[in-house]
Amino acid sequence: MAKLIDGKAVSAQIKEELKETVAKKKQQGITISLAVIQVGNDPASSVYVNNKKKACEYIGIQSIAYELPEETTQEELLSMIDDLNGRDDVNGILVQLPLPGHIDEDKIINRISPDKDVDGFHPQSVGALCIGQPGFVSCTPAGIIALLKRNHIEIEGKECVVIGRSNIVGKPMALLMLRENATVTVAHSRTKDLKEICKRADILIVAIGKPKFITEEYIKEGAVVIDVGIHRNENNKLCGDVDFASVEPHCSAITPVPGGVGPMTIAMLMNNCVESVKQ
Ligand code: GUN
């Protein structure tokens with residue numbers, strides 16, 4: 001039986017550690033605050049934003065919520081970011097994505113000061129990661145590294161295949177695994193012989209966005225499998241990009257969905273907020 005990589009437990013542990021750090025900082029008179037901006041009221045975004053606010057409250061980080069109407073203009077949002085960039089009492093700025101179609105997401109991300117870019121989406125943050133300099137790292141890939149390390153899964157020298165090349169998950173994930181001295185292959189929708197490539201992986205990280213796509217045919221015996229996907233199946237139950245029942249008997253360790261990668265994203269966001277006062 002494969003070991004279940006318990007993201008809920010690791011996330012809870014990280015949040016406890018951060019809570020202690022934040023309490024110590026408070027004693028030194030240092031407070032941490034995160035501005036969370038949501039434009040419009042997409043229900044999924046509202047759930048994510050609420051979870052972020054709750055995590056802040058638990059850890060002792062002040063969250064300043066901005067719920068802006070769908071009609072907010074790009075100029076208005078840019079000017080709000082300028083204002084938050086200049087405020088000494090705001091350490092982190094998070095603009096929940098996706099934004100309404102009339103707003104250019106890249107323009108918004110580029111306007112956030114890299115010193116307050118707790119999502120790690122700014123080109124300067126991504127560039128710093130690429131060349132091994134300090135900067136904020138995108139939360140989901142950073143969470144996966146924390147999950148592997150805290151479960152004592154060795155990365156150095158391992159064959160790692162990342163499926164997916166998004167700016168938020170696939171690309172930073174590949175860079176982080178490279179930084180940990182894995183041999184990294186990035187596969188994507190145009191990759192030929194995906195099964196053969198995945199079968200080389202000691203560590204397979206799946207961010208393909210298709211429910212239960214990865215079956216046992218893609219797995220090397222004893223591999224570690226990390227599932228970034230989250231979907232609702234035909235019975236309204238949550239499932240990942242990996243067909244868990246098919247894959248689990250063939251791997252040494254695997255993340256469940258829910259309770260694997262998902263809880264780590266918020267834990268790492270909180271970690272970035274705490275780091276933001278050190279920077
Ligand atoms: N939308 C979905 N995931 C994220 C995230 O990690 N950060 C932001 N800002 N928006 C998101």
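Whatever order the structure lists ligands and atoms in, that order sets their numbers, starting from 1.
- Atoms of ligand 1 found under 4.0 Å from any heavy atom of Q96, numbered from 1 in the order shown, are 1 (N), 2 (C), 8 (C), 9 (N), 10 (N), 11 (C).
- Of all atoms in ligand 1, listed by their number and element, those nearer than 4.0 Å to a heavy atom of V95 are 8 (C), 9 (N).
- Distance alone, capped at 3.5 Å, is enough to place a donor-acceptor pair between the H122 side chain and the N110 backbone.
- Between the side chains of E76 and T73, at least one donor N or O sits under 3.5 Å from an acceptor N or O.
- Annotation: L94 places no N or O atom under 3.5 Å from an N or O atom of ligand 1; distance criterion only.
- Using 4.0 Å as the threshold, Q38 has no heavy atom nearer than that to any atom of ligand 1.
- No hydrogens or angles considered: nothing links the side chains of D243 and S246 as a donor-acceptor pair under 3.5 Å.
- A cation-pi arrangement is present between K19 and Y58, with the terminal nitrogen or guanidinium carbon under 6.0 Å from the aromatic centre and inside a 45° cone about the axis.
- Here K52 has side-chain heavy atoms under 4.0 Å from ligand 1, and that is the only part of it that gets that close.
- Within the 4.0 Å heavy-atom criterion, the part of F121 lying near ligand 1 is the side chain and not the backbone.
- The protein atom (non-hydrogen) at minimum distance from atom 10 (N) of ligand 1 is L97 N, 3.0 Å.
- Nearest protein heavy-atom neighbour of atom 9 (N) of ligand 1: D119 OD2, 2.6 Å.
- Salt-bridge annotation for R111 and D82: present, with a side-chain N of the basic residue lying under 4.0 Å from a carboxylate O of the acidic one.
- No side-chain N or O of S63 forms a donor-acceptor pair with one of E57 less than 3.5 Å apart.
- Between T265 and ligand 1, no N or O atom pair is found at a separation short of 3.5 Å.
- If you check the side chains of K171 and N167, you find a donor sitting under 3.5 Å from an acceptor.
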